[in-house]
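First the structure, in the form of structure tokens, and then the observations on it.
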Amino acid sequence: MTTRTAGSGPLGPAPARALVLCLVSTAATGAGLLLPAALGRTLDLLLAQQPATRWVLYCAALVLVTALLDASETVLGGTVDARTTAWLRHRLTGHILAVGPRATARFGPGDLVARLVGNAAQAGTAPTARAALLAALAGPVGAVVALGLISPWLAAVFLAGAPVLALLLRAFARDTRECVTRYQEVQGRIAQALTEAVGGHRTIQAAGTADRETARILRPLPELSEAGHRMWRVQGRASGRSVAVAPLLQLGVVAVAGVLLARHRVTVGEVLAASRYAVLGTGVGALVGQLAGLARARAAAGRLDEVLAEPAVAHGERGLPPGPGRLELRGVTALRGGRAVLDGVDLVVPGGTTLAVVGRSGAGKSLLAAVAGRLTDPDAGDVLLDGVPLRELTHDELRRATGYAFGRPALLGGTVAEEIGLALTSPSPARVREAARTAHADDFVRRLPDGYDTLVADAPRSGGESQRLGLARAFAHGGRLLILDDALSSLDTVTEARITEALVNGRAGGTRLLVAHRAATAARADAVAWLDGGRVRAVGPHETLWDLAEYRAVFAEGTDTAASDGGPS
């Protein structure tokens, strides 16, 4: 597991606890290694009919210490796992949000959720797995040392077969990681397909294709089953081979110890201790289990690292000078799927004015809206606000200056007042209500059970009412530049006319960029930018452009699109 996901150091985000866990695990192993020697010494004293009370107490103390250390290891392990998992999820969530839409485009929302929930939990066990593996390795090493102290011949017998065990464990670790990686990848594909189906459940229900979608979602199940069975086969083969070798080593150690006992080179108690050390030294079952756990954690960490490798959006250090909010696009080109959706766009929106952006479906209207407020960066060209490239602005300055409203606003689960004031540090009730009135949302919000204190999840509302809440949030945000990406599509014509009038009259403040589908909306704007084939075909008043038949055809298509799904272009 790399330090990129494991934390600031090799022991993870809580190095002190992880270090204590390593020490406790190793101490528990050390106590377990001392116990056979103490038992052997006690047996020798008893056989010689000498006082052995002190050594009996030593044995009891070692048993008690081992039990206490094991309990402490369990508590510490659970704490470290929980803290590491929480830290990973917090970091991954922040990074996904910092990367923006590019993360969703590459991995898909379902796969991202699978990585954030399942893989983060598995990767979070890595510090505990490493500590447990260290303790599991300390057992065989300590056993060999103890055998050597009893007799070098015993250590030599054990070491003769140790390389075979080491090769078996190495092959097991390699094969396990391959299986686990494949298993987690298939899980991610199933999660992605399920997310797509949940998002389109109305379409599936209307088409009557639930059985077909179920089959599509579960299509990778045979691959998942094969990967899972392969994991068990790999672990079973490793355990079987190790178990076949281990008894031979134990028998060899005990046989040599018996010969040494017959020659009076060791005592009966030392033979007992040697037999126990032979068992501890060949305790590969624990090693197999710990290696499997670490392999799962490392495979999960690799999937997290893929997301963390996506570069986050970089911001500059400049602020904005005083200005009216003049927006300028210079030679903006934006590619999607290898195609130039925007191709060398030059556009100027004077400060304090309203520009409507119109065009056929696929003309690049929503992409232009995203580029204008730097929700995404163009592949070429610059976007400037009051003469400053957006790339050079600090994050806080950029977000304070630009506000957005969308066709399908995301209402994240707080109260209505909290959702309207989402972008504000400490929104005042007066500002929230004024924004709601500008968006013509105040009337229906007051009719809710608890008014502005109603939870969004408990607020029954239509698509148009949801859009009005999204518009109210944008109006409350304020700023120099307000971008409405198809944010009026679900409104009735009267409400749309009133809100558009408020925009044009400057009640929303700043400069307004409005993606429009309806001719009436474009007619109320100060000017219209007509996108066609990724380029600005014309900029001018709606009345002037209306004389062109191709311009009029844009609204015939746009009306059908808006009526059908109310979504952005």
Decide yes or no on side-chain contact (heavy atoms from CB on, under 4.5 Å) for D111 and Q187, but give the supporting numbers first.
CA-CA 8 Å; D111 190 31; Q187 278 184 319; over 6 Å; no
Give the intermediate values and the outcome of side-chain hydrogen bond (donor to acceptor under 3.5 Å, both in side chains) for residues D81 and T128.
CA-CA 7 Å; D81 285 352; T128 303; 2.5 Å; yes
After noting the C-alpha distance and the side-chain angles of H315 and E397, does the key distance pass the side-chain contact (heavy atoms from CB on, under 4.5 Å) rule?
CA-CA 10 Å; H315 294 276; E397 183 77 352; over 6 Å; no
Quick one: do T376 and R336 satisfy side-chain hydrogen bond (donor to acceptor under 3.5 Å, both in side chains)? Show the steps, please.
CA-CA 12 Å; T376 187; R336 291 295 182 269; 3.1 Å; yes
Apply the test side-chain contact (heavy atoms from CB on, under 4.5 Å) to residues V383 and R374: give CA-CA distance (whole Å), side-chain angles for both, the deciding distance (0.1 Å), then the verdict.
CA-CA 8 Å; V383 182; R374 210 190 172 201; over 6 Å; no
List the steps and the verdict of side-chain contact (heavy atoms from CB on, under 4.5 Å) for H477 and T402.
CA-CA 8 Å; H477 175 274; T402 57; 5.5 Å; no
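Here the CD1 atom belonging to I190 is positioned 12.5 Å from the CD atom belonging to E185, to the nearest 0.5 angstrom. Note: R17 CZ to T84 OG1 = 10.0 Å, rounded to the nearest 0.5 Å. L335 contributes atom CG, which lies 4.0 Å from atom CG of D379 (distance to the nearest 0.5 angstrom). Note: L218 CG to L221 CG = 5.0 Å, rounded to the nearest 0.5 Å. Taken to the nearest 0.5 Å, the CG atom of L261 stands 11.5 Å off from the CG atom of L272. Between atom CD of residue Q122 and atom CZ of residue R303 there is a gap of 9.0 Å, rounded to the nearest 0.5 Å.
Summarising the geometry of A312 relative to V99, their closest heavy-atom pair is CA-CG2, 4.0 Å, with the distance given to 0.1 Å. The heavy-atom pair separating A18 from V80 by the smallest distance is N-CG2, 4.2 Å. Summarising the geometry of G124 relative to T85, their closest heavy-atom pair is CA-OG1, 3.5 Å, with the distance given to 0.1 Å. Across every non-hydrogen atom of G269 and D44, the tightest pair is N-OD1, 2.7 Å. For N119 against A300, the heavy-atom pair with the smallest separation is O-CB, 3.3 Å. Across every non-hydrogen atom of T104 and P109, the tightest pair is CG2-CD, 3.6 Å.
Taking the charged nitrogens against the carboxylate oxygens, E310 and R106 do have a contact shorter than 4.0 Å, which makes a salt bridge. The pair R115-E306 meets the salt-bridge criterion, with a side-chain N (NZ, NE, NH1 or NH2) lying under 4.0 Å from an Asp/Glu carboxylate O. A salt bridge links R182 with E223: the closest approach of a Lys/Arg side-chain nitrogen to an acidic carboxylate oxygen falls below 4.0 angstrom. Under a 4.0 Å N-O distance rule, the pair R399/D396 does not qualify as a salt bridge.
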Which atom pairs, one a donor and one an acceptor, fall under 3.5 Å between side chains of residues 27-35 and the rest of the protein, sequence neighbours left out?
from	atom 1	to	atom 2	distance (Å)
T29	OG1	S25	O	3.1
T29	OG1	A135	O	3.3

Identify every side-chain donor-acceptor pair in residues 53-62 under 3.5 Å, counting partners at least two apart or on other chains, and give the distances.
none

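R391 places a side-chain heavy atom less than 4.5 Å from the side chain of P378. Between Q192 and V113 the shortest side-chain heavy-atom distance does not fall below 4.5 Å. Looking at V259 and V256, their side chains never come closer than 4.5 Å, going by heavy atoms from C-beta outward. At least one side-chain heavy atom of V180 sits under 4.5 Å from a side-chain heavy atom of Q184. Within the 4.5 Å cutoff, side-chain heavy atoms of L469 are placed close to those of R461. Put simply, the side chain of S151 reaches to within 4.5 Å of the side chain of L260, judged on heavy atoms. Contact annotation: the side chain of E419 approaches that of R473 to within less than 4.5 Å [non-hydrogen atoms, C-beta and beyond]. With contacts defined as side-chain heavy-atom distances shorter than 4.5 Å, the pair V268/L43 qualifies.
Of the possible polar contacts, one joining the R89 side chain to the V117 backbone as a donor-acceptor pair under 3.5 Å is found. Of the possible polar contacts, one joining the T74 side chain to the D70 backbone as a donor-acceptor pair under 3.5 Å is found. Side chain of Y277 to backbone of P140: no donor-acceptor contact under 3.5 angstrom is found. Judged by distance alone, with hydrogens and angles left aside, the side-chain atoms of E270 form a donor-acceptor pair with the main-chain N or O of T267 at under 3.5 Å.
Side chain to side chain, S225 and R230 fail the donor-acceptor criterion of an N or O pair below 3.5 Å. Using a 3.5 Å distance cut-off with no hydrogens or angles, the side chains of S366 and D485 do pair a donor with an acceptor.
More than 12 heavy-atom neighbours from other residues, nucleotides or ligands sit within 6.0 angstrom of CZ on R216.
When the salt bridge (Lys or Arg N to Asp or Glu O under 4.0 Å) test is applied to R276, no partner is found at least two apart in sequence or on another chain.
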